[in-house]
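Bear in mind that the values here come from a model prediction, so they are computed numbers and not experimental data. Convention: sequence-line order gives letters A, B, ...; per-chain numbering from 1.
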There are 2 protein chains.
Amino acid sequence: MGNTLGGVGVLDKAVVVLDVLEVSPQSLSELVTATGLPRATAHRLATALEAHGLVRRDDEGRFTLGTRLVALGRAATEAFPLAGAAQKALRELRDSTEESVQLFVPEADSRVCIAALQSPHGLRTIVPLGASLPLLGLGSGARVLNGQIGAQGWTESVGEREAGVASVSAPVFDAGLIVAAVSVSGPIERTTKHPGRRYGEAVVAAAQRIQRDAGLRPELP
Amino acid sequence: MGNTLGGVGVLDKAVVVLDVLEVSPQSLSELVTATGLPRATAHRLATALEAHGLVRRDDEGRFTLGTRLVALGRAATEAFPLAGAAQKALRELRDSTEESVQLFVPEADSRVCIAALQSPHGLRTIVPLGASLPLLGLGSGARVLNGQIGAQGWTESVGEREAGVASVSAPVFDAGLIVAAVSVSGPIERTTKHPGRRYGEAVVAAAQRIQRDAGLRPELP
DNA sequence: GACTATCGTCCCATTATGTGAGACACAAGC
DNA sequence: GCTTGTGTCTCACATAATGGGACGATAGTC
């Protein structure tokens with residue numbers, strides 16, 4: 001119930017509350033209009049979540065995401081063997097390319113950024129940790145996760161997902177399956193219109209290093 | 001209901017599931033024994049949470065914390081104006097002391113670590129992000145949040161919260177109220193038995209810088 | 001191959017559970 | 001004064017969560 005259409009359960013409503021609070025702190029009345037829930041219900045849910053530390057009140061008495069979530073979020077990140085194992089390789093890649101780098105994993109019908117480091121330049125691409133992008137969308141990361149990889153092991157996209165930004169991505173394999181995509185992205189001015197020429201090799205190397213560091217098997221047994 | 005004793009609602013059970021999964025991935029049966037919930041209930045809850053991305057399955061089919069939580073966790077961290085504003089000051093403090101540093105905020109009857117950086121040394125104190133410690137407990141951080149501050153503006157504790165570790169903490173004020181505590185902690189061997197002498201000044205300076213960077217008013221209007 | 005154990009998943013009658021309109025107290029503004 | 005806006009709480013009602021048990025797979029043992 002609630003996951004399909006029709007009946008909506010407590011849990012679904014509670015998640016809506018969290019979703020709304022993720023955007024910004026909300027007073028009760030704001031919460032009511034934002035969620036569409038009746039005042040009494042919104043209040044009960046928010047205070048119930050508050051009792052669990054998932055929601056707290058800020059200095060102005062508004063509801064915000066609670067401290068419990070920072071602990072859960074950290075644990076969730078660590079639950080990805082990849083996220084941790086990829087850190088060193090990503091840092092190397094970011095430092096050698098001087099552009100923002102990300103690690104994406106497929107999740108249902110989207111791809112989620114589970115690790116990201118930013119370019120040192122003032123003008124840079126930013127993909128927030130945890131950001132969820134459509135899997136069947138644009139960008140070299142999406143292509144890679146859908147199995148569209150060039151002969152050299154990488155895929156590039158120029159001004160595809162967002163105007164002015166280009167990116168190169170390479171797949172991370174486990175037992176012959178693509179489990180993640182490493183991406184480098186930045187403004188076309190710096191990456192040129194053929195970012196693959198510049199970064200392709202480095203991205204593929206980083207993906208392979210992640211494979212090794214995470215203890216994955218690149219080929220089928 | 002459920003927050004007191006007696007009736008336990010869906011939300012409470014869902015949180016229990018998350019709590020259990022925070023420790024480690026669990027198969028359904030493990031989840032059942034860990035939570036004490038009936039199999040059908042545990043399954044329904046876990047799959048409901050899965051539908052919202054708060055829970056996912058790992059490669060072995062077990063339940064783990066989901067990707068949605070990494071986004072929520074990040075948002076929760078950002079919802080603390082302090083956590084972000086404190087980063088620079090904490091990094092400076094960590095680099096100058098070469099010991100682990102933390103920022104604690106009071107929350108109900110506990111104190112929560114909302115920012116932490118670790119010592120470069122092999123032997124070091126680790127307080128995980130989001131960790132929740134009793135507010136009326138031991139340690140210089142607890143003391144500071146309870147208003148027990150020495151004349152120099154800091155408080156030290158030696159082998160108090162945990163054997164072998166000493167710490168120094170200083171308060172962050174807003175409008176005359178203590179809103180957070182900055183701590184430096186490390187093994188007694190390095191910090192000496194009078195860590196305040198060594199780090200007191202630096203910790204107080206960091207706390208004041210955080211106050212400034214976060215745009216807080218140290219005194220009453 | 002048959003037997004048993006344990007797994008994840010799903011059904012459905014039962015009732016405990018969450019529901020939400022409305023009452024309430026408090027504060028600010030006209 | 002009155003009005004409008006908060007946040008909070010209650011309570012009769014019925015909806016939504018419950019959990020014992022059934023089911024099909026898979027794995028191991030004899």
Does a side-chain heavy-atom distance below 4.5 Å link [X] with [Y]?
X: Lys88(B); Y: Arg209(B); answer: yes
X: Leu45(A); Y: Leu11(B); answer: yes
X: Asp19(A); Y: Arg68(B); answer: yes
X: Arg44(A); Y: Thr41(A); answer: yes

Would you mind reading off the distance between [X] atom [atom1] and [N] atom [atom2], rounded to a whole angstrom?
X: Leu31(B); N: dC7(C); atom1: CG; atom2: P; result: 13 Å
X: Glu30(A); N: dT6(D); atom1: CD; atom2: C1'; result: 12 Å
X: Glu60(B); N: dT26(D); atom1: CD; atom2: P; result: 18 Å
X: Leu45(A); N: dC9(D); atom1: CG; atom2: P; result: 15 Å
X: Leu11(B); N: dA17(D); atom1: CG; atom2: P; result: 11 Å
X: Glu50(B); N: dC10(C); atom1: CD; atom2: P; result: 11 Å

Below 4.0 Å: OP1/OP2 of [N] and any side-chain N or O of [X]:
X: His43(B); N: dG8(C); answer: no
X: Lys13(B); N: dA17(D); answer: no
X: Arg57(B); N: dT9(C); answer: yes

Inset, instruction - Classify the nucleic acid contact of Ser29(A) as base, sugar-phosphate or nothing, counting any heavy atom under 4.0 Å across all strands shown. - result: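 Since only primed, P, OP1 and OP2 atoms lie under 4.0 Å of Ser29(A), the category is sugar-phosphate.
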Inset, instruction - Indicate, with a heavy-atom threshold strictly under 4.0 Å, whether Arg62(A) touches base, sugar-phosphate, or nothing. - result: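 No contact.
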Inset, instruction - Classify the side chain of Arg39(A) and the base of dG20(C) as holding, or not holding, a donor-acceptor pair under 3.5 Å. - result: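 Answer no: no donor N or O sits under 3.5 Å from an acceptor.
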Inset, instruction - Using distance alone, with no hydrogens and no angle criterion, decide if Ser100(A) and Thr125(A) have a side-chain donor and acceptor under 3.5 Å apart. - result: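 No donor-acceptor contact under 3.5 Å links the two side chains.
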Of the candidate nucleotides [options], which contains the atom at the shortest distance from the side chain of [X]?
X: Pro38(A); options: dA21(C), dT8(D), dG18(C); value: dA21(C)
X: Phe63(B); options: dG20(C), dT9(C), dG8(C); value: dT9(C)
X: Val10(B); options: dG18(C), dG7(D), dA21(C); value: dG18(C)
X: Ser27(A); options: dG20(C), dG18(C), dG7(D); value: dG7(D)

Inset, instruction - Name the residue closer to the 5' end of DNA chain D, choosing between Arg44(B) and Arg44(A) according to the nucleotide with the nearest heavy atom. - result: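 Going by which nucleotide is closer to the 5' end, it is Arg44(A).
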